Amino acid sequence: MDKRTETAPPTQDRPRGPAGAGGRARFSLSPINRRRWQNFKANKRGYWSLRIFLLLFLVSLFSEFLANDKPLLLKYDGGYYMPVFVSYAETTFGGEFETEADYRDPFVADLIREKGGWILWPPIRYSYDTINLNLPVPAPAPPSAENWLGTDDQGRDVVARLLYGLRISILFGLVLTFFSSIIGVVAGAVQGYFGGWVDLTFQRAIEIWNSVPSLYLLIIIASVIEPSFWILLGILLLFSWVALVGVVRAEFLRGRNFEYVNAARAMGISNLTIMFRHLLPNAMVATLTFMPFILNGSITTLTSLDFLGFGLPPGSPSLGELLAQGKSNLQAPWLGISGFAAIAIMLSLLIFVGEAVRDALDPRKTFS
């Protein structure tokens with residue numbers, strides 16, 4: 001009996017399961033998204049800007065391990081302690097007070113060394129609110145080996161405040177951009193899909209809402225209640241969601257009468273499913289293009305409010321507050337230069353990333 005052999009289809013045509021060779025899961029992009037990613041990487045300025053920005057953000061997330069007035073690790077009397085995570089009383093190390101130990105105090109350091117201990121410090125021995133009481137000159141002190149970018153007018157280390165300020169600015173911008181995008185996409189989708197009186201009513205309401213002077217409203221609210229991270233986020237969220245409504249609305253108005261949408265309606269598919277499964281992916285191209293610029297605007301708004309004194313509570317690590325100190329202390333140029341350089345670099349990186357995303361999602365380059 002003849003043995004018949006079957007020719008296996010080419011590897012690229014075989015259906016792939018959730019796991020590849022060796023049982024390892026594989027993640028593959030669609031051809032369109034792969035082309036978009038290649039277009040993004042081809043823009044060297046935007047690609048490297050994204051990598052540098054992510055590196056800066058990652059470094060700022062670990063600010064406590066880079067700039068802190070508490071040791072990362074210490075050994076005392078045969079035991080190991082991590083003050084960066086746990087607060088220890090001075091009595092733990094043979095002191096007299098029940099309050100938290102001041103590890104910068106030579107008395108506490110001597111107590112630890114007397115028991116054969118040692119202290120591992122972070123690269124910068126100052127937190128954002130630590131005051132250097134041993135400055136050789138009145139604050140603000142110029143850059144030195146101890147304070148790499150000098151101190152502000154209260155004796156606080158500028159590098160430490162920059163690290164913590166970058167983190168809070170980026171996190172604030174990311175959270176505000178995330179929630180603004182969700183609200184803006186939903187509002188634009190409802191307007192564009194249903195059209196008619198729904199679209200007309202929403203448009204008139206948005207026009208009225210846009211006419212409200214948001215900066216003056218923020219100043220009034222800040223004079224009544226003490227602003228905080230979440231209060232500022234909520235107030236700015238009231239106005240920032242409008243930025244994406246126009247582009248999402250236009251995409252839904254254009255696509256709501258396409259043949260596949262009409263066919264889906266004829267099959268009895270719900271409006272919610274049509275909106276967010278069939279039409280939303282097309283609108284997300286314009287949304288992703290605008291997101292880096294919305295993030296840029298969110299960070300700029302927080303910096304502006306802090307500069308004017310209506311932002312985060314006093315003492316918070318803030319880039320805007322550092323700029324305000326530079327304006328008030330012209331004899332200390334390191335304050336203004338440090339704040340300006342940090343903001344200019346961060347915003348420039350985001351602009352370059354936004355341009356690269358815009359070019360990567362351009363249909364003329366994706367399907368050419």
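Every heavy atom of this structure was used, including side-chain atoms; hydrogens, water molecules and symmetry mates were not. All figures in this text were calculated on a predicted structure; none of them were measured in a lab.
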Give the C-alpha distance, both sets of side-chain angles, the deciding distance and a yes or no for side-chain contact (heavy atoms from CB on, under 4.5 Å) between Asn262 and Phe258. CA-CA 6 Å; Asn262 293 328; Phe258 283 169; over 6 Å; no

Pair Leu237, Ile183 - check side-chain contact (heavy atoms from CB on, under 4.5 Å), show working. CA-CA 9 Å; Leu237 184 60; Ile183 299 175; 4.1 Å; yes

As a quick check of understanding, evaluate side chain to side chain donor-acceptor pair (under 3.5 Å) for Ser270 and Thr273, giving each step before the final call. CA-CA 5 Å; Ser270 64; Thr273 302; 2.9 Å; yes

Apply salt bridge (charged side-chain N to carboxylate O under 4.0 Å, His left out) to residues Arg249 and Asp199 and explain how you reach the verdict. CA-CA 9 Å; Arg249 169 179 173 268; Asp199 184 27; 2.7 Å; yes

Take Tyr260 and His278 through the test side-chain contact (heavy atoms from CB on, under 4.5 Å) and record every step on the way to the result. CA-CA 9 Å; Tyr260 71 90; His278 301 291; 3.8 Å; yes

Do Tyr47 and Val353 pass the side-chain contact (heavy atoms from CB on, under 4.5 Å) test, and can you show the C-alpha distance, the side-chain angles, and the key distance before you say yes or no? CA-CA 7 Å; Tyr47 177 67; Val353 172; over 6 Å; no

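One finds the CD1 atom of Ile206 at 7.0 Å from the CG atom of Asn210 (value rounded to the nearest 0.5 Å).
Residues Gly339 and Leu323 approach most closely at C-CD2, 3.7 Å, considering heavy atoms. Closest approach of Leu166 and Met346 over heavy atoms only: CD2-SD, 3.8 Å. In this structure, Leu232 and Gly311 approach most closely via the heavy-atom pair CD1-C, 3.5 Å.
Ion pairing between a basic and an acidic side chain is recognised when a charged N comes within 4.0 Å of a carboxylate O; Arg167 and Glu64 show such pairing. Ion pair Asp69/Arg125 not flagged as a salt bridge, since none of the NZ, NE, NH1 or NH2 atoms sits closer than 4.0 Å to an Asp/Glu carboxylate oxygen.
Aromatic pair Phe85/Phe65: centroids less than 6.0 angstrom apart. Here Trp241 and Phe179 keep their ring centres 6.0 angstrom or further from each other. Aromatic ring centres of Phe53 and Phe352 lie farther apart than the 6.0 Å criterion allows. The ring of Phe252 has its center no closer than 6.0 angstrom to the ring center of Tyr193.
The cluster map of Ile, Leu, Val, Met, Phe, Trp and Tyr, joined by side-chain heavy atoms under 4.5 Å apart, puts Trp121 and Leu133 in different clusters. Tracing side-chain contacts under 4.5 Å through hydrophobic residues (I, L, V, M, F, W, Y), one never reaches Leu288 starting from Phe293; they form parts of separate clusters. Under the 4.5 Å side-chain heavy-atom criterion for Ile, Leu, Val, Met, Phe, Trp and Tyr, Leu55 and Leu61 are members of the same hydrophobic cluster. Ile225 is connected to Leu305 through a chain of hydrophobic side-chain contacts under 4.5 Å among Ile, Leu, Val, Met, Phe, Trp and Tyr, so both are in one cluster. One hydrophobic cluster, built from ILVMFWY side chains closer than 4.5 Å, holds both Val212 and Val245.
The aromatic rings of Phe239 and Trp209 sit parallel to each other, their planes meeting at less than 30°, with 60° as the upper class boundary.
Atom CD of Glu259 sits in a sparse spot, with 12 or fewer heavy atoms from other residues, nucleotides or ligands closer than 6.0 Å. Annotation for Phe62: atom CZ does not count as buried by contact number, only 12 or fewer foreign heavy atoms lying within 6.0 Å. Residue Arg265 qualifies as enclosed at atom CZ: its count of foreign heavy atoms under 6.0 Å is above 12. The neighbour count for Phe107 CZ, taken as heavy atoms of other residues, nucleotides or ligands under 6.0 Å away, is above 12. Within a 6.0 Å sphere centred on CZ of Phe290, heavy atoms belonging to other residues, nucleotides or ligands number 12 at most.
Looking only at side-chain heavy atoms (C-beta outward), Val108 and Asp105 come within less than 4.5 Å of each other.
Side chain to side chain, Tyr126 and Asn132 meet the donor-acceptor criterion of an N or O pair below 3.5 Å. Between the side chains of Asn39 and Arg36, not a single donor N or O lies within less than 3.5 Å of an accepting N or O. Side-chain contact of Thr303 with Thr300: a donor-acceptor pair under 3.5 Å is absent, judged by distance alone. Defined by atom type and a distance below 3.5 Å, a donor-acceptor pair is present between the side-chain atoms of Gln325 and Glu321.
Although no hydrogens or angles enter the test, the distance criterion places a donor-acceptor pair under 3.5 Å between the side chain of Ser180 and the main chain of Leu176. Under a 3.5 Å cut-off, the side chain of Thr92 and the backbone N or O of Tyr88 do not form any donor-acceptor pair. The main-chain N or O of Thr130 is never found under 3.5 Å from a side-chain atom of Ser127 such that the two would form a donor-acceptor pair. Looking at Ser338, its side chain never comes within 3.5 Å of a backbone N or O of Leu335 through a donor-acceptor pair. With Ser316 contributing its side chain and Leu312 its backbone, the two residues share no donor-acceptor pair below 3.5 Å.
Taking the ring axis of Trp48 as reference, the NZ or CZ atom of Arg51 stays within 45° of it and closer than 6.0 Å to the ring centre.
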